[in-house]
J.: 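Starting off with a structure, shown below.
Chain naming here is simple, since letters A, B, ... match the order of the sequence lines and numbering starts at 1 in each.
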Amino acid sequence: DSGVTQTPKHLITATGQRVTLRCSPRSGDLSVYWYQQSLDQGLQFLIQYYNGEERAKGNILERFSAQQFPDLHSELNLSSLELGDSALYFCASSPRAGRVETQYFGPGTRLLVL
Amino acid sequence: KNQVEQSPQSLIILEGKNCTLQCNYTVSPFSNLRWYKQDTGRGPVSLTIMTFSENTKSNGRYTATLDADTKQSSLHITASQLSDSASYICVVSAGGDMRFGAGTRLTVKP
């Protein structure tokens with residue numbers, strides 16, 4: 001158990017809908033990362049937040065957005081969902097935002113868009 | 001073409017044997033290289049992190065090497081165990097971005 005929690009574990013929804021995925025980092029960690037893992041594209045980095053501020057951006061679609069709240073939990077919002085958005089979404093956390101920080105991954109949220 | 005290429009795609013070895021996984025990258029400017037172990041359906045677990053100035057790093061039976069000149073890294077697993085069966089993923093960071101390899105699927109058989 002990494003200490004990172006993600007909810008929900010599974011989510012089934014329809015195309016065009018909007019969902020919110022939630023992540024609670026390890027106690028004391030200030031940095032949160034979001035990743036998408038699909039069968040055809042593998043793991044992709046989406047976005048990083050550090051202490052409430054956006055720190056780095058990867059391959060995040062405009063339909064997706066994220067934020068980190070004052071209590072350091074983070075939410076990833078996915079809107080206008082498409083079939084191709086079906087994937088495992090991982091959150092990870094690290095103590096700070098340094099480039100060689102160890103990232104601790106949560107168990108993931110499995111999203112299925114029908 | 002992916003900027004991080006891993007080989008082999010899959011590998012089967014007998015318990016107790018050693019193996020080496022490869023990662024070649026073209027990502028630039030290089031910041032650091034990470035190796036992760038991922039069990040099916042679970043989050044990746046960090047094995048090693050190396051910066052430009054490091055050419056080897058160990059974590060128990062796992063030893064990673066890095067040649068920044070040739071842009072190659074390897075992960076050597078010693079005395080494999082059944083629990084080593086997993087996907088091993090190489091990740092190269094450039095600036096604030098991260099590029100992932102497709103992974104090597106390792107199966108350790110008794």
J.: Tell me, yes or no, whether the heavy-atom count around R26(A) atom CZ, taken from other residues, nucleotides or ligands under 6.0 Å, exceeds 12.
T.: yes

J.: CZ of R105(B): more than 12 outside heavy atoms within 6.0 angstrom?
T.: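 Yes, because the 6.0 Å sphere around CZ of R105(B) holds more than 12 heavy atoms from other groups.
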
J.: Tell me, side chain or backbone of Y104(A) under 4.5 Å from chain B's heavy atoms, or both, or neither?
T.: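 Contact with chain B involves no heavy atom of Y104(A) at all.
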
J.: Which heavy atom of Y36(B) sits nearest a heavy atom of F105(A), and at what distance?
T.: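 For Y36(B) and F105(A), the tightest heavy-atom pair comes out as CE2-CE1, 3.5 Å.
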
J.: Hey, which of P44(B), S46(B), G103(B) has the most heavy atom pairs under 4.5 Å with chain A?
T.: P44(B)

J.: How many angstroms lie between CD in Q103(A) and CE in M98(B), if you round to the nearest 0.5 Å?
T.: 4.5 Å

J.: Answer yes if L72(A) and Y33(A) sit in the same cluster of Ile, Leu, Val, Met, Phe, Trp and Tyr residues linked by side chain heavy atoms under 4.5 Å apart, and no otherwise.
T.: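 No: no chain of side-chain contacts under 4.5 Å links L72(A) to Y33(A).
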
J.: Looking only at heavy atoms and a cut-off of under 4.5 Å, which of T102(A), N59(A), V100(A), L43(A) has the most pairs with chain B?
T.: L43(A)

J.: Side chain, backbone, both or neither: which part of R55(A) has an atom under 4.5 Å from a heavy atom of chain B?
T.: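 When you check distances to chain B, no heavy atom of R55(A) falls under 4.5 Å.
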
J.: Of the backbone (N, CA, C, O) and the side chain (C-beta and beyond), which part of Q44(A) lies under 4.5 Å from a heavy atom of chain B, both, or neither?
T.: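 When you check distances to chain B, only backbone atoms of Q44(A) fall under 4.5 Å.
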
J.: Treat each ILVMFWY residue as a node, draw an edge where side-chain heavy atoms are under 4.5 Å apart, and state whether L39(A) and L81(A) are in one component.
T.: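 Each belongs to a different hydrophobic cluster.
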
J.: So for T51(B), is it side chain, backbone, both, or neither that comes closer than 4.5 Å to the heavy atoms of chain A?
T.: side chain

J.: Are V19(A) and F64(A) joined in one hydrophobic group, where the rule is that I, L, V, M, F, W and Y side chains link up if heavy atoms are under 4.5 Å apart?
T.: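 Yes; F64(A) is reachable from V19(A) via cluster members.
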
J.: Quick one: do L21(A) and I60(A) end up in the same hydrophobic cluster if we chain Ile, Leu, Val, Met, Phe, Trp and Tyr together by side-chain heavy atoms under 4.5 Å apart?
T.: yes

